[in-house]
Structures are given as C-alpha cells and as structure tokens.
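Quick caveat, the model's predicted, so the values are computed rather than measured.
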Amino acid sequence: MCGRYSLHSNPHVVALQFGLVHPPQFTARYNIAPGTPVLAVRGESNHARTGLMLRWGLIPSWAKDPSIGHRLINARAEHLAEKPSFRSAFKRRRCIVPADGFYEWSVVNGRKQPYYVRPREQTMFGFAGLYEFWQGPEGMIGSCTVITTAANDLMRPLHDRMPAILQVADYAHWLDPDHPDPSALGAMLRPAPAQKMIAYPVESRVNSVKNDDSRLIEAYDPPSTAVDSRLL
C-alpha cells in the first residue's frame, strides 16, 4: 500500500520532470498523509499538462458522503477496470502523483520500524493515480487515489504491495484522456525495477503526522533486532 510519502523537490524541477508548462505551487512536505491536499499532474485534451491540488482519498462522483474517500486512498491495479469506485476514472481521469519518496513499515520482533524508499538516482517517483470531482453542498471537491501493484524484490520484505510507479516514457500515454486501451494502461502498472530504488530505516517520528521536517527522511541506525535482515 501507500499511506505516507514526501514531496520536497524544487517546483521548477517538478515542472521539468513532469512536463508542466508552469512550476506548480505547493509547500515542501516530508510526511504527506491521506485526507490532505496533494499535488497531482493531469493531461488536458490539447496534450498540455497541468498541476493541481487534490484531496488524497478518492470521492467517486456518485458518492453520497465524502467520507468514502478515507477508504479509497489506494486503488489496486488489478481491479481498476471493474470496481465501480475506480472504473470511470480509470477510463478518463488518470493522473500522476509526484513524490520524492514514500514510507513503509516492517514489523520485526513486535516492533514497527519505518523505512523510507526513494529513487537510487536523484529523480522523483511518478505514482500512477486517478482523480475525480465531487459536487457537495459546500462546493466542488477534487480528490485522488494512488494506484498500488505487487511489491518488487526490494519492497517484498516490507509489504506485499507498493505504489505503481510509472516509467517516464509512459507518462504521455497514461495522462492521455483519449487513450482507449485498458490492457495497455494496465501494463504500465507493473512493479518498478528494484535496482532503481533504495530503502533504509528512519526514525519513528514519522509515525505522527504532526511531524513534518527533513529529519524524517534521514537514515537512522536502529537496534539490529528492529531491522529486517532481508533489506541488508
């Protein structure tokens, strides 16, 4: 799954990697949690790309209550074409969620140890996502979900799922609202190559959403019993 991540790169760098005409406006964050505004990139009909802030937790357009978004922060890649919550967005409202890295937890000897996962090179992840707009009594709410896929060899010791990380070469097709081939889209949601990622333990301060600073992504040397030996 994906329940916490970070985005702290310079907006100009984000614009360059994701092909945005204008640098997006966002605040650097190191502990992004569900229910909060997150940056997403969507494609327009003229093939331009725009950045917009969406609430993390998808609210389908037909929902009667926006609280459903709390249960839809992630969408399993295998179910997108069939599940009513995601089916329409998968056809027409796909987005990319930029991230510098994400967190996952491993339980070792009864203790939950957080890990930070980032690209091995100095680039960003582009999570595959879906977005929707929901009309409520107080106005329109834009929301999104992060798609997950099976874990790769690096992530498997931590969790059996991971974010579906798009290859840069797939960005244009994923964002094209007129792309008609669900099988081709599904093929983009394969596990990212493990050798292009790195994971390391970080302090448990990340467990609290109240903490949001650059120390959260610094490597931490926990007691040996708290580290999954399969990651060493």
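- The main-chain N or O of Ala194 is never found under 3.5 Å from a side-chain atom of Asp153 such that the two would form a donor-acceptor pair.
- With ring centers used as reference points, Tyr5 lies under 6.0 Å from Trp56.
- When all heavy atoms of Glu78 and Thr148 are compared, the pair lying nearest together is OE1-O, 4.4 Å.
- Taking every heavy atom of both residues into account, Pro23 and Ala15 meet most closely at CA-CB, 3.8 Å.
- When side chains are defined from C-beta on, Ser85 counts as touching Trp62, because their heavy atoms get closer than 4.5 Å.
- Hydrophobic clustering (side-chain heavy atoms under 4.5 Å, transitive across Ile, Leu, Val, Met, Phe, Trp, Tyr) groups Phe18 together with Trp174.
- At most 12 non-hydrogen atoms from other residues, nucleotides or ligands lie less than 6.0 angstrom from CG of Asp221.
- The residues Asp178 and Arg92 are annotated as salt-bridged, a charged nitrogen and a carboxylate oxygen being separated by less than 4.0 angstrom.
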Exercise. Decide yes or no on side-chain contact (heavy atoms from CB on, under 4.5 Å) for Arg190 and Thr149, but give the supporting numbers first.
Key: CA-CA 7 Å; Arg190 56 193 179 275; Thr149 188; 5.7 Å; no
Exercise. Evaluate the criterion side-chain contact (heavy atoms from CB on, under 4.5 Å) for residue pair Glu203 and Arg215; output intermediate values, then yes/no.
Key: CA-CA 8 Å; Glu203 290 189 79; Arg215 288 172 48 206; 4.0 Å; yes
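- Cluster membership check: Tyr30 does not share its hydrophobic cluster with Val14, using side-chain heavy-atom separations under 4.5 Å among Ile, Leu, Val, Met, Phe, Trp and Tyr.
- Atom NE2 of His159 is surrounded by more than 12 heavy atoms from other residues, nucleotides or ligands within 6.0 Å.
- Val97 and Met53 fall within the same hydrophobic cluster, defined by Ile, Leu, Val, Met, Phe, Trp and Tyr side-chain heavy atoms under 4.5 Å apart, directly or through other members.
- The two residues Pro66 and Trp134 come nearest to each other via the heavy atoms CD-CH2, 3.4 Å.
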Quiz item: How far apart are the C-alpha atoms of His8 and Phe26, what are their side-chain angles, what is the distance that settles it, and do they pass the side-chain contact (heavy atoms from CB on, under 4.5 Å) test?
Solution: CA-CA 9 Å; His8 48 81; Phe26 64 91; over 6 Å; no
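- Atom CD of Gln195 is surrounded by more than 12 heavy atoms from other residues, nucleotides or ligands within 6.0 Å.
- Looking at heavy atoms from C-beta onward, Val41 lies in side-chain contact with Leu20 at the 4.5 angstrom threshold.
- Side-chain atoms of Met197 and Asn152, non-hydrogen and from C-beta on, do get closer than 4.5 Å to each other.
- Asp100 and Ser9 are linked by a side-chain donor-acceptor pair at a separation below 3.5 angstrom, with hydrogens and angles left out of the test.
- Annotation: side chain of Ile217 is in contact with side chain of Tyr103 (closest heavy-atom distance under 4.5 Å).
- Side-chain contact check for Arg49 versus Arg42: every heavy-atom pair is 4.5 Å or farther apart.
- In plain terms, the two heavy atoms of Pro114 and Val206 that are nearest each other are CB-CG1, 3.6 Å.
- Glu132 has a carboxylate O that lies under 4.0 Å from a charged side-chain N of Arg93, or vice versa, which qualifies the two as a salt bridge.
- Below 30°, between 30° and 60°, or above 60°: for Phe127 and Phe125 the angle between ring planes is below 30°, a parallel geometry.
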Self-check item: Asn207/Lys112 under side-chain contact (heavy atoms from CB on, under 4.5 Å): CA gap, chis, key distance, verdict
Solution: CA-CA 10 Å; Asn207 294 347; Lys112 291 184 69 174; 5.8 Å; no
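- Cluster membership for Met162 and Leu7, using ILVMFWY side-chain heavy atoms within less than 4.5 angstrom, is shared.
- Residue Pro98 forms a side-chain contact (heavy atoms from CB on, under 4.5 Å) with just one option from Val13, Val38, Leu39, and that option is Leu39.
- Taking 4.5 Å as the limit, some side-chain heavy atom of Pro182 sits within range of a side-chain heavy atom of Phe90.
- Glu44 and Thr50 share a donor-acceptor pair across their side chains, judged by distance under 3.5 Å alone.
- For Ile141 against Ile59, the heavy-atom pair with the smallest separation is CG2-CD1, 4.0 Å.
- Between Met155 and Glu104, some side-chain heavy-atom pair lies under the 4.5 Å cut-off.
- Few gaps surround CD on Gln135; more than 12 heavy atoms of other groups in view lie less than 6.0 Å from it.
- Closest non-hydrogen pair, Pro191 versus Ala150, comes out as CG-O, 3.3 Å.
- By the rule that hydrophobic residues join a cluster once side-chain heavy atoms approach within less than 4.5 Å of another member, Ile32 and Leu58 end up as members of one cluster.
- Going from atom CG of Leu158 over to atom CD of Gln113 covers 10.0 Å, rounded to the nearest 0.5 Å.
- Checked against Val146 for a side-chain contact (heavy atoms from CB on, under 4.5 Å), the options Pro34, Cys2, Cys95 give a single hit: Cys2.
- For Arg161, the CZ atom counts as densely surrounded, since its 6.0 Å shell holds more than 12 non-hydrogen atoms of other residues, nucleotides or ligands.
- Between the side chains of Ser6 and Tyr116, at least one donor N or O sits under 3.5 Å from an acceptor N or O.
- Side-chain N/O atoms of Thr36 and Arg29 include a donor and acceptor closer than 3.5 Å.
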